[in-house]
Peer 1: 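Please read through the structure below; I'll follow up with questions.
What you see below is based on every heavy atom in this structure, not just the backbone, and it leaves out hydrogens, waters and symmetry mates. If you're wondering where the values come from, they're calculated on a predicted model, not measured in any experiment.
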Amino acid sequence: DAVPTPLLLIEPGSARVLYVNPAAHRLAGGRMEKAQDSDYASVYGVYDPSGRRLASEEHPGVRAARGERFQNLPVDWVTPAGRRSIVVSAHTVPLGGAGEVALVTFEDVTELEAARRRSTLLAEASAQLGRSLDPREVADSVAALMVPGFADWGFVELLQPDGSLTRDGMAMTDPAKRPIAEAYVELYPLDMDSPVGSPQVIRTGEPQLIPELPPDFVDLAAPDPRQREVLEGLGFRSVLIVPLIARGRVIGDLAMAMAESGRRFGEEDLALGQQLADRCALALDNARLFTELSDAVEAARQAGDEVNTILGGVADAVTAQAPDGSLVYANEAAVAITGFGSVGELLSATPGAIVSRYEMTDEHGEPLDVMRLPGRRAMAGEQPEPLVVRSRQAGTREWRWSRVKATPVLEPDGRVRLAINVTEDITELKRAEHGQRFLAEAGRVLAGSLDYQETLGAVARLAVPDIADWCAV
């Protein structure tokens, strides 16, 4: 009873729970029910990390009763006190002349797992958003990222020039419901005068968090009886809607809902949803900018000032490169990131002089062949994927990360006339991502053992080489 680690004793074979210690009762939110046989799915709501509910034979307790041994198995457990992320370990313990018993222990890693999932979602979002400059592809990628780890349903809704709102991306945990949802979207366009939901978020620019959906929400969102019937059939229980804001204006929203998983959105989800929306808005705006940029460069010979008007105040570094490698255009952000004194000084520098100012690697610190740079590949007529690079100016110690994109501008005969480069500084994002991953890994490793010496060794190994070359505990 005095052991602080939650534990169960389970009868081998039958899977009957023989004993639950006080720590396990506390984690369960009061009192943990004892399963009397192997039908664990009817007693405990346990899910794998992807959000899929475990069948009885997959439950850690049933597996332990079969004689399986495992360590740090990650699952989500729905308790009266809320959904908890735990890691479960199982062993078989001899009881002298009384035979054996299965010992199941678990550790609550809810906060660490939430941090890991947040960092993973944002890291995956950054990677996905950098792969395309097509707004529809970006919307589909973001919707797929939200489900199932962050929501049961995810929508990317974009504001159109006529003031309407269209659902450009949609994903759900149950693919069988997609035809119903698509028919609903086609039959019932969003009413921009609605007092609730996405139209309200678009009008105000403020997010909307509804942990528990009240009955009158559906009445207001779907006044038509048939519409209300279909919406109720989708089973939405909790809703989170955050605006997409780019350059100070609302361009759409991310709408998320919980349904069959039984999960609920909370304040911490609101902060994460807004971070995801910020990245999505930037990617969508960049896609629009990239299209406008190509058109502007095409007309640059007749209207050179137009390019400066469009790009002079853009936060990302933008350059136009001629076939010989020289720069024919650069905005002020490009001047700042390269360390030159002015646009004129940057444009007069040779490609070799510009490259010599930097030490560059790939995003993981490995050597980078300059021929892999998107600008070089665009000059060869390719449509290169964006590339994340790590760099620092010569004579400095600070490493920074950038996402580099490029596209060729072609002559009528197919020859490359220019390569347009856009460089986005993602240093703060990468630093936050590394920090979250380090803390999540630290929690996972330190929760894996109760042995004193093993724990000390694990602490030292965690520190090297991520934050130090040497570590003594």
Peer 1: Without swapping roles, check the side chain of Glu345 against the backbone of Gly341 for a donor-acceptor pair under 3.5 Å.
Peer 2: yes
Peer 1: What's the separation between atom CD in Glu68 and atom CG in Leu73, rounded to the nearest 0.5 Å?
Peer 2: 9.5 Å
Peer 1: Atom CG of Leu209 and atom CE of Met256: how far apart are they, to the nearest 0.5 Å?
Peer 2: 10.0 Å
Peer 1: Give a yes or no on whether the backbone of Gly266 and the side-chain of Asp269 come within a donor-acceptor separation of less than 3.5 Å.
Peer 2: yes
Peer 1: Can Ile354 and Leu346 be said to form a side chain to side chain contact (heavy atoms under 4.5 Å, CB included), step by step?
Peer 2: CA-CA 8 Å; Ile354 297 174; Leu346 174 57; 3.9 Å; yes
Peer 1: Is there a donor-acceptor pair under 3.5 Å between the side chain of Gln208 and the backbone N or O of Glu206?
Peer 2: no
Peer 1: To the nearest 0.5 Å, how far apart are CE in Met371 and CE in Met379?
Peer 2: 10.5 Å
Peer 1: Does NZ or CZ of Arg63 fall inside the cone over Tyr40's six-membered ring, less than 6.0 Å from its centre and within 45° of the axis?
Peer 2: no
Peer 1: Which atom pair, heavy atoms only, marks the closest approach of Pro4 to Ala23?
Peer 2: O-CB, 3.3 Å
Peer 1: Identify the heavy atoms of Ala277 and Leu244 that sit nearest to each other, and give their distance.
Peer 2: O-CD2, 3.3 Å
Peer 1: Find out whether Thr338 and Tyr358 are in side-chain contact, i.e. whether some heavy atom of one side chain is under 4.5 Å from a heavy atom of the other.
Peer 2: yes
Peer 1: Under 3.5 Å, side chain of Arg377 to main-chain N/O of Ala406, donor-acceptor pair present?
Peer 2: no
Peer 1: Is the shortest side-chain heavy-atom distance between Arg16 and Gln36 below 4.5 Å?
Peer 2: yes
Peer 1: Is a side-chain donor or acceptor of Asp316 paired with a backbone partner of Val422 at a separation under 3.5 angstrom?
Peer 2: no
Peer 1: A side-chain contact here means heavy atoms from C-beta on lying under 4.5 Å apart; do Arg376 and Val370 qualify?
Peer 2: yes
Peer 1: Donor-acceptor pair, distance only, cut-off 3.5 Å: does the side chain of Thr427 make one with the backbone of Trp401?
Peer 2: yes
Peer 1: State whether the number of non-hydrogen atoms from other residues, nucleotides or ligands found under 6.0 Å of Glu111 atom CD is greater than 12.
Peer 2: no
Peer 1: Rounded to the nearest 0.5 Å, what's the gap from CG on Asp37 to OG on Ser42? Could you check?
Peer 2: 7.0 Å
Peer 1: What I want to check is whether the side chains of Asp425 and Ser402 have a donor and an acceptor closer together than 3.5 Å.
Peer 2: no
Peer 1: Going by heavy atoms in the side chains, are Lys405 and Pro374 under 4.5 Å from each other?
Peer 2: no
Peer 1: Charged N to carboxylate O under 4.0 angstrom, Glu398 versus Arg431?
Peer 2: yes
Peer 1: Rounded at 0.5 Å granularity, tell me how far CZ in Arg52 sits from CG in Asp48.
Peer 2: 4.5 Å
Peer 1: Heavy atoms only: give me the nearest Leu368-Asp362 pair and the separation to one decimal.
Peer 2: CB-N, 3.8 Å
Peer 1: First locate atom CE of Met32, then atom CG of Leu27, and finally report the distance between them rounded to the nearest 0.5 Å.
Peer 2: 8.5 Å
Peer 1: Using the rule given for side chain to side chain contact (heavy atoms under 4.5 Å, CB included), can you reason through Met146 versus Leu276, listing the C-alpha separation, both sets of side-chain angles and the distance that settles it, and then say yes or no?
Peer 2: CA-CA 9 Å; Met146 291 188 282; Leu276 180 62; 3.7 Å; yes
Peer 1: If we only count heavy atoms from C-beta on, is the Glu424 to Leu282 side-chain gap below 4.5 Å?
Peer 2: yes
Peer 1: So do Val389 and Leu373 actually touch side chain to side chain, heavy atoms under 4.5 Å?
Peer 2: yes
Peer 1: What is the ring orientation for Tyr44 with His59, classed by angle as parallel under 30°, tilted 30 to 60°, or perpendicular over 60°?
Peer 2: tilted
Peer 1: Are Arg167 and Glu157 ion-paired here, with the side-chain N under 4.0 Å from a carboxylate O?
Peer 2: yes
Peer 1: Set out, in order, the CA-CA distance, both residues' side-chain angles and the distance that settles side chain to side chain contact (heavy atoms under 4.5 Å, CB included) for Glu385 and Leu387, then state yes or no.
Peer 2: CA-CA 6 Å; Glu385 292 285 329; Leu387 180 68; over 6 Å; no
Peer 1: Would you say the side-chain atoms of Ser238 pair up with the backbone N or O of Pro211, donor to acceptor, closer than 3.5 Å?
Peer 2: yes
Peer 1: What are the two closest heavy atoms between Phe70 and Pro60, and how far apart are they?
Peer 2: CZ-O, 3.6 Å
Peer 1: By side chain to side chain contact (heavy atoms under 4.5 Å, CB included), which residues pair with Asp469, not counting sequence neighbours?
Peer 2: none
Peer 1: I need the minimum non-hydrogen distance between Ala151 and Met258, along with the two atoms involved.
Peer 2: CA-SD, 3.8 Å
Peer 1: Answer whether the closest heavy-atom distance between the side chains of Leu240 and Phe150 falls below 4.5 Å.
Peer 2: yes
Peer 1: Can you list the steps and then say if Leu327 with Gln321 is a side chain to side chain contact (heavy atoms under 4.5 Å, CB included)?
Peer 2: CA-CA 4 Å; Leu327 297 182; Gln321 194 173 10; 4.2 Å; yes
Peer 1: Write down the atom of Ser326, the atom of Pro351, and the distance for their closest heavy-atom approach.
Peer 2: N-CG, 4.1 Å
Peer 1: Taking Thr407 for its side chain and Ile420 for its backbone only, find out whether a donor-acceptor pair lies under 3.5 Å.
Peer 2: no
Peer 1: In chain order, what residues pass the side chain to side chain contact (heavy atoms under 4.5 Å, CB included) check against Thr105, with sequence neighbours excluded?
Peer 2: Thr5, Leu7, Ser89, Leu103
Peer 1: Ignoring hydrogens and geometry beyond distance, is a side-chain donor-acceptor pair present between Gln393 and Thr396 at under 3.5 Å?
Peer 2: no
Peer 1: Please confirm whether the backbone N or O of Ser85 pairs with a side-chain atom of Thr110, one donor and one acceptor, at under 3.5 Å?
Peer 2: yes
Peer 1: Between Asp253 (side chain) and Ile241 (backbone), is there a donor-acceptor pair under 3.5 Å?
Peer 2: no
Peer 1: Any side-chain heavy-atom pair from Gln274 and Pro207 closer than 4.5 angstrom?
Peer 2: yes
